[in-house]
Visitor: 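Have a look at this one before I ask anything.
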Amino acid sequence: MAGAVVGDEQSGDDPTTLELCRVVADLLGQEAGVFMPSGTMCNLVAILTHTRPGDELICDHESHIYGTEAAGAAALAGISIRAITSPHGVFDAAQVLEMIRPRTRTAPRTTLLSVEQTTNFSGGAVWPLAQLQAVRDLAHAHGLKAHLDGARLLNASAATGISAREYALGWDSAWIDLSKGLGCPVGAVLCGSSAFVEQAWQWKYRLGGAMRQSGVLAAAGLYALEHHLPQLVADHANAQTIWHVLSPCGALRFDPPQPASNILRFGFTSPLVTAHEFAARCLKEGVRVRAIGSDFVRVTTHLDVSASEAQLAAQTMLAVAQSLSQGG
Ligand SMILES: *Cc1c(COP(=O)(O)O)cnc(C)c1O
């Protein structure tokens, strides 16, 4: 990062940022890319670019765009969201069809579908390729744009061996996060056609997101894409390690039943145990996990957690789960 060759990204001449955008666009089978400060901004800018105020977007009820980012979409893009209820954020074309409003004088115009690959709050599930393509094609057949929230797309590839390009090909926009499993301090890259990226740049600038000598950050992204992909496979193995320790514990209820990527999600069989209480007790013991509402705990493995630390974290969580379920 310190040695990165930099220029002015706002004027389109930061060479390291340009290189990162080219590499990620290529990785996703898209024409062009634009560097963003965050994944949240990738989603927001994609929404702003694909929709007009008063339009409606379809996504899963547990998706990041809905649960975490909906205020941005409402306040800045002026759109409404219609959410699909599905078991792990993985729905089918028939469910999308049901959510598309008829074109009438009164209904909002349904213009955008967003899908997460992998899911996040739904527990890191991986969409089968054919199902992903089916919802994309259904959207296109009804005149909707299709947006792939690929914050964790490389995790899907690490899990299945199917390339990010295969997953992202044919979507009207797709992006990856650099600051999740890839381990960079900051950034994400939003990709699409050249015309889409031209428009996305307008919104990025309007939102104040041009970043001058962003090459220092882009350099981290290039490094991570070259060196950290095997890390994702190790993260998945660590998630399995944790699952093997915790899944026999009767106090816990895994949902999905087994992790598919680097995320585990579980609830509690006793109604007296809350996710917040569990997370607080784990933190005291040195393990940071996240409560998702009061029902679920999300555990995420990443490059700062080694195989032996995953073991230790699992043993710690097991002890906490047993203690809490016995009223301790
Ligand atoms: C993390 C995440 C985001 C938001 O990305 P940030 O870089 O944290 O802004 C969006 N969607 C999904 C699926 C995510 O996992």
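Numbering of ligands and ligand atoms starts at 1, following listing order. Note that the numbering runs from 1 along the sequence shown for the chain.
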Visitor: Do the two ring centres, one from Phe296 and one from Phe266, sit under 6.0 Å apart?
Guide: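 They do not qualify: ring centres at least 6.0 Å apart.
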
Visitor: For Asp177, counting its heavy atoms only, list the atoms of ligand 1 lying under 4.0 Å from any of them.
Guide: 5 (O), 6 (P), 7 (O)

Visitor: Is the gap between the ring centers of Phe121 and His64 under 6.0 Å?
Guide: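 Close enough - the centres of the two rings lie under 6.0 Å apart.
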
Visitor: Counting heavy atoms only, which part of Thr40 comes closer than 4.0 Å to ligand 1: side chain, backbone, both or neither?
Guide: both

Visitor: Considering Lys180, Glu62, His64, Gln117 one by one, which has a heavy atom nearer to atom 2 (C) of ligand 1 than any of the others?
Guide: Lys180

Visitor: Going by the angle between their ring planes, with limits at 30° and 60°, are Phe278 and Phe268 parallel, tilted or perpendicular?
Guide: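 Answer is tilted, since the angle falls between 30° and 60°.
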
Visitor: What do you reckon, are the aromatic ring centroids of Phe91 and Trp127 less than 6.0 Å apart?
Guide: yes

Visitor: Just do the side-chain hydrogen bond (donor to acceptor under 3.5 Å, both in side chains) check on Thr118 and Asn155 with the steps written out, would you?
Guide: CA-CA 7 Å; Thr118 73; Asn155 285 93; 5.8 Å; no

Visitor: Would you confirm whether Ser63, through its side chain, and Cys59, through its main-chain N or O, come within 3.5 Å as a donor-acceptor pair?
Guide: no

Visitor: Yes or no: does Trp175 have any heavy atom under 4.0 Å from an atom of ligand 1?
Guide: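 Heavy atoms of Trp175 do come under 4.0 Å of ligand 1.
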
Visitor: Can you list the atoms of ligand 1 that are under 4.0 Å from a heavy atom of Gly39?
Guide: 5 (O), 6 (P), 7 (O), 9 (O)

Visitor: Quick one: which ligand 1 atoms are inside 4.0 Å of a heavy atom on Glu116?
Guide: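 Every atom of ligand 1 under 4.0 Å from some heavy atom of Glu116: 13 (C).
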
Visitor: Does an N or O anywhere in Glu69 fall below 3.5 Å from an N or O of ligand 1?
Guide: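 Between Glu69 and ligand 1 (N or O atoms, distance only) the closest approach is not under 3.5 Å.
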
Visitor: For ligand 1, which atoms have a heavy atom of Ala151 less than 4.0 angstrom away?
Guide: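 The atoms of ligand 1 under 4.0 Å from a heavy atom of Ala151 are 2 (C), 11 (N), 12 (C), 13 (C), 14 (C), 15 (O).
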
Visitor: Any idea which atoms of ligand 1 are less than 4.0 Å away from a heavy-atom of Asn120?
Guide: 13 (C), 14 (C), 15 (O)

Visitor: Is it the side chain (CB and beyond), the backbone, both or neither of Met41 that lies under 4.0 Å from ligand 1, heavy atoms counted?
Guide: neither

Visitor: What part of Asn43, side chain, backbone, both or neither, has a heavy atom within less than 4.0 angstrom of ligand 1?
Guide: side chain

Visitor: To the nearest 0.5 Å, tell me how far Leu225 CG sits from Leu154 CG.
Guide: 6.5 Å

Visitor: Out of curiosity, does Val135 fall in the hydrophobic cluster containing Leu169 (side-chain heavy atoms, cut-off under 4.5 Å, transitive links)?
Guide: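 Looking at the clustering, Val135 is in a separate group from Leu169.
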
Visitor: So which protein heavy atom does atom 11 (N) of ligand 1 come closest to, and at what separation?
Guide: Asp149 OD2, 2.7 Å

